[in-house]
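Here the structure is laid out as C-alpha cells; the discussion comes afterwards.
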Amino acid sequence: MISAQAWADTRRLWDYHQMGHTLRPCSVAIGLGSHDLGVAETAVDLYKRGMAPLLVFTGATSPTTRERMPRGEAVHYRERALELGVPDSAVLVEPRARNTGENIRFSRELLEEAGVDVSSVLLISKPYEERRAYATARRLWPTVEIVSASSPMTLEEYVDSIGDARLVIDMLVGALQRLLIYPAQGFMISQPVPDDVLEAYDRLRHQGFTSRLLVTNQPSA
C-alpha cells in the first residue's frame with residue numbers, strides 16, 4: 001500500500017516537474033522519444049493547432065522500448081503522426097539519440113543541416129520530464145526560447161496510463177535526482193528546488209522509491 005503521505009509527496013514532485021508554460025507558436029516542435037506514443041499524439045495536436053509548422057521526432061531505442069518500438073522511437077512517432085494526418089513534408093526524424101542531451105544536440109544539428117531557422121522550440125516530453133527536458137535544452141541550446149509541453153494529464157490519469165503506481169513514483173524521484181546532480185556535470189542548467197519538494201523527495205527515497213535513482217554520477221543526461 002502507498003500511504004497518503006507518499007501520495008501527497010508524489011503530487012509535490014509531479015507539480016514541480018511540470019513547467020506550466022503558456023503555449024505559443026514556435027519555429028519547430030521537438031518530440032522527445034520514449035515508450036509513450038502520447039508524446040507524438042500531443043505533438044500532432046499542437047501542430048494542428050498551429051503551434052509549429054514542423055515536427056522533429058528524436059530517439060533511437062532503449063531497453064524499455066526495443067520490443068514495443070523495434071524501428072526506433074522517432075520512427076514510430078513519425079508513423080503515428082502520419083496516421084493522424086500530418087503530411088510527410090512536415091516531419092523530420094532524428095533516429096540516433098539515446099538520452100535527453102543527445103535528443104537536443106542531434107535535433108539541433110538536423111535542423112541546421114536542413115536550413116531551418118529556429119528562434120523558439122516547443123519541446124514535448126512526458127509530463128514528469130518537462131523540467132528535465134527544459135533544463136537540458138537551456139544548457140545545450142541557449143540561443144533559442146524553450147517552451148515546454150506534454151500531454152495534458154493529471155497525476156491520476158498518468159498512473160492509470162502506466163498501470164503501476166510504484167513505478168511512476170520511482171520515475172518522479174529519479175527525475176528529480178537528475179535535476180539535482182546533473183547541473184554540476186554540465187548536462188543541464190541549475191534550477192531552484194523548493195524546500196517542500198526536497199523534503200518530499202527525501203521522504204520518498206527513504207520509503208524505498210529508489211529503482212530509478214543513479215548509483216553513481218556516470219550516466220549522462
Side-chain angles (χ1 to χ4, degrees), residues 17-19 21-134 136-137 140-141 144-154 157-158 160-163 171 221:
H17 282 307
Q18 297 195 4
M19 298 295 296
H21 286 169
T22 299
L23 298 182
R24 70 167 188 81
C26 292
S27 306
V28 63
I30 299 178
L32 304 185
S34 71
H35 65 274
D36 187 356
L37 272 177
V39 173
E41 292 165 356
T42 298
V44 170
D45 176 65
L46 294 173
Y47 169 83
K48 291 182 176 180
R49 289 165 55 189
M51 293 295 175
L54 178 67
L55 302 180
V56 174
F57 294 125
T58 168
T61 58
S62 70
T64 59
T65 63
R66 190 168 293 120
E67 291 187 7
R68 185 177 180 187
M69 300 179 178
R71 294 181 298 284
E73 296 156 6
V75 172
H76 283 265
Y77 276 21
R78 173 186 174 275
E79 292 170 352
R80 182 58 177 151
L82 299 185
E83 287 175 1
L84 294 173
V86 177
D88 182 71
S89 60
V91 182
L92 295 178
V93 169
E94 186 295 295
R96 298 179 296 138
R98 296 185 181 277
N99 57 55
T100 308
E102 290 184 353
N103 287 142
I104 303 303
R105 289 197 301 271
F106 295 166
S107 294
R108 180 179 183 178
E109 291 171 4
L110 177 67
L111 289 162
E112 289 173 350
E113 291 169 2
V116 179
D117 184 22
V118 179
S119 61
S120 56
V121 172
L122 189 56
L123 195 59
I124 307 166
S125 62
K126 299 187 293 296
Y128 72 91
E129 293 259 321
E130 275 194 25
R131 189 173 292 275
R132 175 182 176 183
Y134 172 82
T136 304
L140 299 176
W141 204 351
V144 302
E145 180 183 358
I146 303 297
V147 179
S148 284
S150 64
S151 300
M153 306 175 74
T154 66
E157 289 170 338
Y158 191 72
D160 287 345
S161 75
I162 298 297
M171 292 190 295

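Start at 1 with the first residue, then count along the sequence. Values below: every heavy atom of this structure, side chains too, minus hydrogens, waters and symmetry copies.
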Are the side chains of [Y] and [X] in contact, using a 4.5 Å heavy-atom criterion?
| X | Y | answer |
| --- | --- | --- |
| I124 | L46 | yes |
| E79 | R71 | yes |
| S161 | M153 | yes |
| S107 | E102 | no |
| W141 | R105 | no |
| V116 | L110 | no |
| D160 | E157 | no |
| V121 | V147 | no |

Determine whether the side chains of [X] and [Y] contain a donor N or O and an acceptor N or O closer than 3.5 Å.
| X | Y | result |
| --- | --- | --- |
| T65 | E73 | yes |
| E130 | S150 | yes |
| T42 | S151 | yes |
| E94 | T58 | yes |
| T136 | T100 | no |

What's the shortest heavy-atom distance between [X] and [Y], and which atoms?
| X | Y | answer |
| --- | --- | --- |
| Y134 | S148 | CB-OG, 3.4 Å |
| A52 | V28 | CB-C, 3.8 Å |
| A97 | N103 | CB-ND2, 3.2 Å |

Distance-only donor-acceptor pairs under 3.5 Å for side chains of residues 29-36, two or more places apart:
unit_1	atom_1	unit_2	atom_2	d
S34	OG	D36	N	3.0
S34	OG	Y77	OH	3.0
D36	OD1	G38	N	2.7

Run the salt bridge (Lys or Arg N to Asp or Glu O under 4.0 Å) test against E112 and tell me which residues pass, sequence neighbours left out.
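Partners of E112 under the salt bridge (Lys or Arg N to Asp or Glu O under 4.0 Å) test: R108.
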Thinking salt bridges, do R80 and E41 make one under a 4.0 Å N-O criterion?
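Judged by the 4.0 Å cut-off on N to carboxylate O distance, R80 and E41 do form a salt bridge.
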Apply ring pair (Phe, Tyr, Trp, His ring centres under 6.0 Å) to the pair H76 and F57, showing each step before the final yes or no.
CA-CA 9 Å; H76 283 265; F57 294 125; over 10 Å; no
Run the side-chain contact (heavy atoms from CB on, under 4.5 Å) test on H17 and E129 for me, step by step, so that the C-alpha distance in whole Å, both residues' side-chain angles and the decisive distance to 0.1 Å come before the verdict.
CA-CA 6 Å; H17 282 307; E129 293 259 321; over 6 Å; no
If a pair satisfies ring-ring contact (aromatic ring centres under 6.0 Å, His included) and one of its residues is in residues 82-108, list it, with sequence neighbours excluded.
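Not a single pair qualifies under ring-ring contact (aromatic ring centres under 6.0 Å, His included).
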Begin from the C-alpha positions of M69 and T61 and carry the test side-chain contact (heavy atoms from CB on, under 4.5 Å) through to its verdict.
CA-CA 7 Å; M69 300 179 178; T61 58; 5.5 Å; no
